[in-house]
> 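Provided herewith is a single structure, encoded as structure tokens, for subsequent inquiry.
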There are 2 protein chains.
Amino acid sequence: MAVTIKDVAKRANVSPSTVSRVITDSNKISEKTKRKVRQVMEEMGYHINFNARVLVQKSTQTIGIVMKHSASHSLHNPFFPEVLRGISAFCHEKDYSISLTTGNSEKSIFNEVVKMVQGRRVDGVIVLYSKKDDKVVPYLIKQNIPFAVIGKPLSETNKIMYVDNDNVQASKEATEFLIKLGHQRISFIGDDPEFQVIQDRINGYQEALKLHELEVTEDYIKSFEYGTANGKQVVEELLSLPEKPTAMIISADVNALVVMKELSKRDIYVPKDMSIISFNNTIISQLSTPPMTSIDTQTYQLGYEASKCVIELIGDPEMFKRSVIIPTVIENRETTAIYKGNGKYN
Amino acid sequence: MAVTIKDVAKRANVSPSTVSRVITDSNKISEKTKRKVRQVMEEMGYHINFNARVLVQKSTQTIGIVMKHSASHSLHNPFFPEVLRGISAFCHEKDYSISLTTGNSEKSIFNEVVKMVQGRRVDGVIVLYSKKDDKVVPYLIKQNIPFAVIGKPLSETNKIMYVDNDNVQASKEATEFLIKLGHQRISFIGDDPEFQVIQDRINGYQEALKLHELEVTEDYIKSFEYGTANGKQVVEELLSLPEKPTAMIISADVNALVVMKELSKRDIYVPKDMSIISFNNTIISQLSTPPMTSIDTQTYQLGYEASKCVIELIGDPEMFKRSVIIPTVIENRETTAIYKGNGKYN
DNA sequence: TTGTAAGCGTTATCAT
DNA sequence: ATGATAACGCTTACAA
């Protein structure tokens with residue numbers, strides 16, 4: 001059996017409460033006693049039992065991270081490690097631990113969240129997505145537990161702390177970037193359209209088109225998820241259109257890579273025949289051939305700010321529910337080119 | 001204040017222990033009582049306080065995951081999400097939670113491990129690396145807590161559960177694969193040589209060379225870490241050698257990507273002028289241009305088996321300390337070609 | 001089958 | 001500045 005506070009107390013000839021006070025470095029304990037007790041703790045190899053402390057203090061110093069349904073999905077996307085890195089960094093600064101959901105369906109993840117929250121295993125939660133008809137966020141509101149969302153919540157935005165890019169704006173800028181290069185037939189390829197981030201980006205894309213009096217063609221808006229065969233299909237559909245697009249905005253750089261591969265199979269060269277802008281600017285877009293023009297969403301920062309939000313909220317549950325917008329920047333690399341009308345099919 | 005077992009007991013006109021027994025679905029409680037108690041729990045919105053249970057049962061149903069020093073390093077490598085996915089999958093099956101280290105130095109990670117273990121926050125631990133002079137593993141042995149290592153431990157292998165590929169063999173096979181294609185000047189590029197996995201792969205590489213009576217040239221053995229400028233330097237050094245290599249084995253596909261980029265800058269074509277085999281077969285090697293010939297280390301499986309090991313070990317701490325070797329397979333893609341002597345510099 | 005009561009290892013309150 | 005004692009919310013002998 002492990003050494004407890006009582007064992008230490010006995011050996012140091014003090015009471016358990018004194019030992020406890022030494023642990024928290026209370027200023028009501030004399031330096032002399034502190035030294036003595038600390039020495040005994042050292043000798044006996046004492047270490048605090050975290051669970052006992054949690055039970056009485058009701059603070060776990062742990063935050064739970066809720067991934068998208070299908071951890072697999074989340075974990076396949078290089079977005080995840082990067083956001084986790086940001087979360088992790090701030091948690092480390094504040095000495096918080098991180099607990100991860102493991103489920104692979106919406107339902108099992110929801111159950112885990114309930115277990116985390118009701119089981120008092122976490123002091124706060126970060127939800128890594130925002131999705132239509134999602135039950136997690138409403139549940140967290142109801143439970144009144146500190147949480148932050150990465151992405152833009154669909155409702156009650158005033159009651160929710162969230163960290164997001166201005167995806168509408170970012171996508172609008174990406175579109176305008178292409179328009180300024182002379183492109184008129186621009187396609188938008190998302191991943192799962194159920195997530196708000198995709199909706200926002202579609203909106204920004206459409207706004208830009210309208211602003212420049214270009215037609216909004218539903219046929220140009222596609223989506224597929226990495227890992228399915230649909231990448232190929234999407235490319236085929238787009239290329240079989242009578243008016244083929246000359247540029248694409250692709251909402252995740254993994255997907256952009258898939259598209260580029262499919263294009264190259266068909267001898268369509270990027271950026272000569274097709275311009276591409278991807279989102280996220282992960283290592284993938286930096287190292288692809290050719291390196292991608294990509295919207296840097298500053299994923300690390302997204303994570304960092306999110307954990308900052310929750311941890312502050314834990315400290316003051318009544319605090320003003322601010323939301324944080326992380327700026328995006330276009331990394332102009334080599335997958336975008338001026339439209340010259342001399343591409344494969346113009 | 002949350003609803004406790006006592007509140008439920010009172011309302012259901014039973015004793016707290018009865019409620020407790022209903023929670024654990026004890027077979028000594030009548031169906032009738034169970035139904036009644038469950039209904040009251042439902043009505044009152046009861047949910048178990050996990051920490052209280054942990055305190056008495058001494059089981060947290062949580063495993064801790066120890067990343068390489070610098071979470072950033074770990075998290076930048078697509079190996080990590082994949083191994084986590086495997087760990088996560090088995091943990092989910094067994095209803096275990098996952099807790100992550102957040103530190104970014106060897107020292108801070110070690111402290112976190114101590115906190116996890118001594119603070120009784122985890123029942124077991126998975127160490128995601130094996131490294132010379134690492135303090136974590138010896139500590140875990142000393143504490144006698146169930147743990148598993150992903151990678152080959154440097155000593156006391158009989159006392160340690162570990163899951164690994166046969167990296168010596170895998171690297172040997174990779175080398176022989178290239179030799180059979182006619183290559184004689186083969187370079188090996190690792191990442192951090194402090195990790196055992198790199199040592200093993202270097203050994204396998206050298207074994208193969210010797211077996212085929214090829215010279216082992218120290219100048220051909222290089223290493224660099226992603227994120228540093230050293231990738232460029234390594235390529236430059238290799239290319240300035242009087243006897244330039246015609247093939248490379250690169251110990252992580254992110255690094256391979258960096259090398260390929262540097263080669264392409266110098267108009268050296270893969271595989272025409274240079275053959276490349278990478279390790280890990282992540283999405284990166286699958287989608288690179290050209291797609292890489294890569295050793296699939298079955299990272300997911302590595303994670304899955306590791307969590308299986310710890311969780312079994314938690315169930316039976318005296319169990320035989322087996323080790324699991326996950327087979328590797330060469331994915332033959334387009335970065336390797338027969339050596340024809342007509343490359344850039346032959 | 002159910003209840004009583006002790007105990008898990010802390011911290012917090014109230015004395016001293 | 002320190003000690004005694006009662007929580008915290010649960011499980012588990014032991015008793016009934």
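Chain A is the first sequence line, chain B the second, and so forth, proteins listed ahead of strands; every chain is numbered from 1.
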> Would you indicate, yes or no, if dT2(C) has its OP1 or OP2 atom less than 4.0 angstrom from a side-chain nitrogen or oxygen of Thr33(B)?
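Indeed, a polar side-chain atom of Thr33(B) lies that close.
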> What does Asn27(A) touch in the nucleic acid at a heavy-atom separation under 4.0 angstrom: a base, only the sugar-phosphate, or nothing?
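Here Asn27(A) touches the backbone only, sparing every base.
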> What nucleic acid atoms does Val54(B) come within less than 4.0 Å of, heavy atoms only: base, sugar-phosphate, or nothing?
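Answer is nothing: Val54(B) stays at 4.0 Å or more from every strand.
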> Between Glu93(A) and Tyr304(A), do the side chains contain a donor N or O and an acceptor N or O under 3.5 Å apart?
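The criterion, which ignores hydrogens and geometry beyond distance, is satisfied for Glu93(A) and Tyr304(A).
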> Rounded to whole angstrom units, what separation is found between the OH atom of Tyr46(A) and the C1' atom of dT10(C)?
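Rounding to the nearest Å, OH of Tyr46(A) and C1' of dT10(C) are 7 Å apart.
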> Check Asp25(B) with Arg38(B), please: is the shortest side-chain N to carboxylate O separation under 4.0 Å?
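Counted as a salt bridge, because a side-chain N and a carboxylate O are separated by less than 4.0 Å.
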> Could you state the atom-to-atom distance from NZ of Lys58(A) to C1' of dT10(C) in whole Å?
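For the pair Lys58(A) NZ and dT10(C) C1', the rounded distance is 11 Å.
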> When you get a sec, tell me which of dG3(D), dT10(C), dC10(D) is the closest nucleotide to the side chain of Ile48(A)?
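Nearest to the side-chain atoms of Ile48(A), counting from C-beta on, is dT10(C).
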> Would you mind telling me which of dC8(C), dT1(C), dG9(C) lies closest to the side-chain atoms of Val56(B)?
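The nucleotide sitting nearest to the side chain is dC8(C).
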> Expressed as a whole number of angstroms, how long is the span from Gln61(A):CD to dT10(C):P?
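The answer, rounded to whole Å, is 17 Å.
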> Measure CZ/Arg121(B) against P/dT10(C) and give the value in whole Å, please.
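To the nearest whole Å, that distance equals 14 Å.
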> Should we say atom NZ of Lys131(A) is surrounded by more than 12 heavy atoms from elsewhere, each under 6.0 Å from it?
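Enclosed: over 12 neighbouring heavy atoms sit under 6.0 Å from NZ of Lys131(A).
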> Out of dT11(C), dT2(C), dG9(D), which has the shortest distance to the side chain of Ser20(A)?
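Within the option list, the nearest is dT11(C).
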> Report the C-alpha separation of Glu43(B) and Arg11(B) in whole Å, then their side-chain angles, then the decisive distance to 0.1 Å, and conclude whether the salt bridge (Lys or Arg N to Asp or Glu O under 4.0 Å) test is met.
CA-CA 10 Å; Glu43(B) 278 171 29; Arg11(B) 182 92 93 88; 3.1 Å; yes
> Do other residues, nucleotides or ligands put more than 12 heavy atoms under 6.0 Å from Lys36(B) NZ?
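Yes - once you tally the heavy atoms of other residues, nucleotides and ligands closer than 6.0 Å, there are more than 12.
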> From CG of Asn51(B) over to C1' of dG7(C), roughly how many Å is that when rounded to an integer?
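Those two atoms, CG and C1', are 17 Å apart.
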> Quickly work out the Arg53(A) CZ to dG9(D) P distance and round it to whole Å.
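About 18 Å, once rounded to whole Å.
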> If each of Pro16(A) and Thr18(B) is mapped to the nucleotide of DNA chain C with the nearest heavy atom, which maps nearer the 5' terminus, i.e. the 5' end?
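First, find each residue's nearest nucleotide; the 5'-ward one identifies Thr18(B).
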> Name the residue closer to the 5' end of DNA chain C, choosing between Glu31(B) and Ala52(B) according to the nucleotide with the nearest heavy atom.
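Whichever sits nearer the 5' end wins; that is Glu31(B).
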> Using the six-membered ring of Phe195(A), assess whether NZ or CZ of Lys68(A) lies under 6.0 Å from its centre and within 45 degrees of the ring axis.
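Geometry flag: set, cation within 6.0 Å and 45°.
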> Under the 6.0 Å and 45° cation-pi test, does Lys115(A) pair with Phe50(B)?
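Checked: cation-pi criterion not met.
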> Using a 6.0 Å cut-off, check whether atom NZ of Lys321(A) has over 12 heavy atoms from anything other than its own residue.
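Yes - once you tally the heavy atoms of other residues, nucleotides and ligands closer than 6.0 Å, there are more than 12.
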> Is the phosphate of dT11(D), meaning OP1 or OP2, less than 4.0 Å from a side-chain N or O of Thr24(B)?
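Thr24(B) to dT11(D) OP1/OP2: no side-chain N or O under 4.0 Å.
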> What are the atom names and distances for every N/O pair under 3.5 Å that joins the protein to nucleotides 13-15 of chain C?
residue	atom	partner	partner atom	Å
dT13(C)	O4	Arg21(A)	NH2	3.2

> Between P on dT2(D) and CD1 on Ile5(A), what's the gap in Å once rounded to a whole number?
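Going from Ile5(A) (CD1) to dT2(D) (P), I get 15 Å.
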> Between Leu55(B) (CG) and dC10(D) (P), how many Å, whole number?
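Whole-Å distance recorded here is 12 Å.
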> Quick one: is dG3(C) close enough that its OP1 or OP2 comes under 4.0 Å of any side-chain N or O from Ser15(B)?
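Affirmative; the distance criterion is met.
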